[in-house]
Amino acid sequence: MLRVLISLLPMLLLLPHTTGMLSYMPVTRLEQHIYDRALLEQQEVPKLDSRIVIVDVDEYSLQQVGRWPWSREKVALLMDELFDRQQVGLLGVDILFAEPQQDDHGVQAVREWLRDTGQEERALSSEMMSSLEQRLNRDAILARSLEGERAVLGYYYTQEQPPQRSGQLPEGLRLTQAPYPVSQRFGEVPDMTGYASNLAFLMQAAPRGGHINSYTDSDGMLRSIPLIVRYPDEGFGYYPSLSLAMFLALMQPQQLHLRPVDPSLPDSSLAGVELVQDGATLLLPTARNGSFLIPFKSPGGRHGGHFQYYSASDLLAGKVPPTTLKGKIVLLGATAPGLRDLRATPVNGQFPGVEVHATALAAMLDGEFFHVPDYREAYDTTAVLLTTLVLILVLNNMGAVGSLLWSAGAAAGWMLLTQYMFWRLGLVLPVVPVLLTVLATYLLHASYGFFLEKRTKRQLVHLFGHYVQSELVERMARQPEAYSMQAQLRDMTVMFCDLQHFTNMSEDMDPQELQSMLKNIFNALAEVIARHGGTIDKYIGDCVMVFWGAPVQDQHHALHAVQTALDIGVMLKSFNAGQQARGELPIAVNIGINSGSMSVGDMGSDMRRSYTVIGDAVNLAARLESLAKWYGVGILVGQDTVAQCPAYAWRWVDCVRVVGRVKPVDLYSPEALSLHDAMAEAEWQVWQDYTMAYLRRDWQCAAALLRIPCGQIPPKLRRLYGVHRQRMDIFLEQPPSESWDGAMWQTDQMDVSLECFSDFEYKGSI
């Protein structure tokens, strides 16, 4: 039985990855490597694609024509050569013209000449000046070269915040009504926030456009491009890549749909872009996020053998015979190293970016695709489960040699199946998880007598057992290399929880009764703390110090600390019911919580050490605990914790400059609001109005808001109201100076100035 349970471990560890809940980076990297090897192995001697050519702004062109960027007039001459003399069928431009020509001052020079010669600017009519500007504007010259021609201009999107936008976007995909009831909102298609597009009058001259974005995987390789992206224009429009926009310009489909995986579901994932022409349907398959795998056919570049390259300078110089490119699909791009359009790909570390789009376009024209099917995760999970079941049934009855042969056979079988699906059907399916399952299961069976996990737990207990709860030690044993006693700086949350009036209670109790009472309350507190993943640092007399975020990382440490404090309040209600039933005094606590950067690790001397936290944020939490008692609110939370817990309702308590800190801190108390009765809702609104009046220093208004009957104030808030009511009495008589920053001092001077607050008695209406 134990051997079977051990055999399940690899499957259990890999299921979060195969189901998509988590992504294990090493597994992903291995998958990428296997995909790259399969892509290289299926390549043959490249065949020249006679339909598509690339006009290249290469290093030779820069030497012949001059450094980039070229003048728009020179680019216009290149366009005229391609459209008029070469008569290309379609031009895709993988170069962006987002900024006006900076060195074009022809019109300004005319204006200055008229002024210098003593002639007024009105010597030329506005119509003449406009005509002159059109003739001298080099951007306009380029626009005239593009006007009326079959050209697709490239641009790119960004996801930056705040969004940056320049130029004019082309029109998005013109989607027709799908023949199936499905929403056009595909959640995994990336939403873009900004863009850099071509100048407006260039887009008006050549309205077709496609984005030139690409995906770079975690290892820095380009394997795919986003075939479509979404940008919020009027609603959410979908925009094609440069290759897809050129393909649509060539095909002119009668219908264009975004095809879902399951048309019956209103929120189904994307399966691809579907074209309908003369009753025939073509699906350009994509992953659920709209990505399109590039089926690389060659190492790329001028000598790659897949596409014919022409130097842009040769075309400008007229060295290419007329009509050589007649009717061909041309992509204009740059491969000069200084222009930074060379990409790392599985087939070449410096693959031309323009050839990426050419390769994608050729794949669309040929109908040859690689794609990740929507059932990838289900396939991966099924393969791992099935392999684990077979190995458990077989390896338990096999010796060492038989187990090795069966394991090797299972791994080879899955590898061959995956390669067959890739080569024959173009399906990219995972194989690493099932290979890891085979390897790990075999190794666990082969080393059954060596209890590695038990030894690891012993080591971890020896390391952390004196400092950390046993529950966390069990959790940490799953990944022991991630934990150490070495001090490190982390963003964490710390809580101090102190029993109220403990000294007075303990005076009338014998030691055994005191010990029993502390044990009961500390056990109850520990259960609540453990439920929310807190680490009990130490017990300081009647105070408990707890922190979240170490040794186990906790991204929601602030949220867990606040919820722990609220749950302690709930727990005390039932605990005190038992106290009263036994004739014992009820228990109340003061809690201070603060978040921030603090040092955590093994602290102390050679004689005595402790796994604890230290830092300014810890000291502030201790101060907040004492202030919670002073304000009578029970729970007091620092502003850094509040910022990480926006879901809670927070009552502003005060702004205080505590001992040892120069910068003031705002104090808050969490509210478990249940505004089902009018009195509670009215009190909450009064305090919110008071807070706003206080912060804007409207003492008259603030004092008036606090003049409500005592019976309308919850008992737990009466001291807080009393503190602020008496403060208003002081401020009405002697308002603070204009230079006052709004913070009260937690010092002896503060105690003197607010001495009347400490023993405030509530009589009548506050």
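In this text the structure is predicted, and so the values were computed from the model without any measurement.
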Notebook entry, point to check: Do D56 side-chain atoms and T335 backbone N/O form a donor-acceptor pair below 3.5 Å?
Noted result: yes
Next item on the list: Before giving the answer on side-chain contact (heavy atoms from CB on, under 4.5 Å), spell out for Y24 and L436 the whole-Å C-alpha distance, their side-chain angles and the decisive distance to 0.1 Å.
Entry: CA-CA 12 Å; Y24 299 158; L436 291 177; over 6 Å; no
Margin query: Looking at R37, I'd like to know if its CZ atom is crowded, meaning that more than 12 non-hydrogen atoms belonging to other residues, nucleotides or ligands lie closer than 6.0 Å.
Written below: no
Notebook entry, point to check: When you look at CD of Q555, are more than 12 heavy atoms from neighbouring residues, nucleotides or ligands closer to it than 6.0 Å?
Noted result: no
Notebook entry, point to check: Of T281, T176, L283, L173, which meets side chain to side chain contact (heavy atoms under 4.5 Å, CB included) against H257?
Noted result: T176
Item checked: CG-CG distance between L153 and D94, expressed to the nearest 0.5 angstrom -> 11.0 Å
Item checked: Q159 side-chain N/O to D191 backbone N/O, donor-acceptor pair under 3.5 Å -> yes
Margin query: A side-chain contact here means heavy atoms from C-beta on lying under 4.5 Å apart; do H17 and V432 qualify?
Written below: no
Check: Rounded to the nearest 0.5 Å, how far does OG1 of T323 lie from CD of Q86?
Finding: 7.0 Å
Check: Considering all heavy atoms of both residues, which atom of V152 and which atom of A249 are nearest to each other, and what is their separation?
Finding: CG2-CB, 4.5 Å
Note to self: Main chain of G194, side chain of E160: is a donor-acceptor contact present, judged purely on distance under 3.5 Å?
What the structure shows: no
Next item on the list: Begin from the C-alpha positions of N348 and T345 and carry the test side chain to side chain donor-acceptor pair (under 3.5 Å) through to its verdict.
Entry: CA-CA 5 Å; N348 189 346; T345 67; 6.0 Å; no
Next item on the list: Find out whether V189 and T286 are in side-chain contact, i.e. whether some heavy atom of one side chain is under 4.5 Å from a heavy atom of the other.
Entry: no
Note to self: Whether the side chain of E355 engages the backbone of G301 through a donor-acceptor N/O pair (distance < 3.5 Å, no angle test) should be reported.
What the structure shows: yes
Next item on the list: Locate the shortest heavy-atom distance separating L391 from S407; write the atom from each residue and the value.
Entry: CD2-OG, 4.5 Å
Notebook entry, point to check: Checking R230 side chain against F186 main chain: does a donor-acceptor pair fall under 3.5 Å?
Noted result: yes
Checklist line | S313 versus Q64, closest heavy-atom pair with distance | finding: CB-CB, 3.9 Å
Notebook entry, point to check: With a 6.0 Å cut-off on ring centres, are Y239 and Y157 close enough?
Noted result: yes
Next item on the list: In plain terms, say whether K297 and D49 are close enough for a salt bridge, that is, a side-chain N and a carboxylate O under 4.0 Å apart.
Entry: no
Note to self: Students often mix this up, so state it plainly: with edges at 30° and 60°, are the rings of F370 and F422 parallel, tilted or perpendicular?
What the structure shows: parallel
Next item on the list: Could you walk me through whether F247 and V273 pass the side-chain contact (heavy atoms from CB on, under 4.5 Å) test, one step at a time?
Entry: CA-CA 12 Å; F247 182 68; V273 180; over 6 Å; no
Margin query: Would you say that L248 contacts P253 through its side chain, given a criterion of any heavy-atom pair below 4.5 Å between the two side chains?
Written below: yes
Checklist line | Inter-residue atom distance H33.NE2 - D219.CG, 0.5 Å rounding | finding: 11.0 Å
Note to self: If you compare all heavy atoms of Y155 against all heavy atoms of P170, which two are closest, and at what distance to 0.1 Å?
What the structure shows: CE2-CG, 3.3 Å
Notebook entry, point to check: Taking all atoms of both residues into account, what is the closest heavy-atom pair of F307 and T359, and its distance?
Noted result: CE1-OG1, 3.7 Å
Notebook entry, point to check: Is there side-chain contact between D80 and E149, with heavy atoms separated by less than 4.5 Å?
Noted result: no
Next item on the list: Decide side-chain contact (heavy atoms from CB on, under 4.5 Å) for F296 and H306; before the verdict, give the C-alpha distance in whole Å, the side-chain angles of both, and the deciding distance to 0.1 Å.
Entry: CA-CA 9 Å; F296 296 102; H306 192 197; over 6 Å; no
Check: Is the count of non-hydrogen atoms from other residues, nucleotides or ligands lying under 6.0 Å from Q350 atom CD greater than 12?
Finding: no
Next item on the list: Give a yes or no answer on whether the side chain of S224 reaches the backbone of L293 with a donor-acceptor pair at less than 3.5 Å.
Entry: no
Notebook entry, point to check: Just by distance, do the side chain of S268 and the backbone of D262 share a donor-acceptor pair under 3.5 Å?
Noted result: yes
Notebook entry, point to check: Side chains of P163 and T158: closer than 4.5 Å at any heavy-atom pair?
Noted result: no
Notebook entry, point to check: Can you find a pair of side-chain heavy atoms, one from Y379 and one from P373, that are under 4.5 Å apart?
Noted result: no
Check: Within the distance-only criterion (no hydrogens, no angle test), does the side chain of R29 pair as donor or acceptor with the backbone N or O of S218 below 3.5 angstrom?
Finding: yes
Notebook entry, point to check: Is there a side-chain contact between L389 and M11, using heavy atoms and a 4.5 Å cut-off?
Noted result: no
Next item on the list: Determine whether more than 12 heavy atoms belonging to other residues, nucleotides or ligands lie under 6.0 Å from atom OH of Y156.
Entry: no
Next item on the list: Search all heavy atoms of F369 against all heavy atoms of A363 and return the closest pair with its distance.
Entry: CE2-O, 3.5 Å
Note to self: Using the rule given for side-chain contact (heavy atoms from CB on, under 4.5 Å), can you reason through I294 versus Y215, listing the C-alpha separation, both sets of side-chain angles and the distance that settles it, and then say yes or no?
What the structure shows: CA-CA 11 Å; I294 306 298; Y215 283 127; over 6 Å; no
Checklist line | Point-to-point distance, once rounded to the nearest 0.5 Å, from OH of Y310 to CZ of R302 | finding: 10.5 Å
Item checked: Pairwise distance CG(L275) to CZ(R259) - rounded to 0.5 angstrom -> 12.0 Å
Check: Is the side chain of Q419 donor-acceptor paired with the backbone N or O of A38 at a distance under 3.5 Å, no angle test?
Finding: no
Note to self: To the closest 0.5 Å, what do you measure between CG (N198) and CG (L142)?
What the structure shows: 9.0 Å
Check: If we only count heavy atoms from C-beta on, is the V431 to Y35 side-chain gap below 4.5 Å?
Finding: no
Next item on the list: Spell out, as yes or no, whether a donor-acceptor pair under 3.5 Å connects the side chain of T18 to the backbone of L15.
Entry: yes
Item checked: Derivation and outcome, side chain to side chain donor-acceptor pair (under 3.5 Å), residues T19 and T381 -> CA-CA 6 Å; T19 57; T381 303; 5.5 Å; no
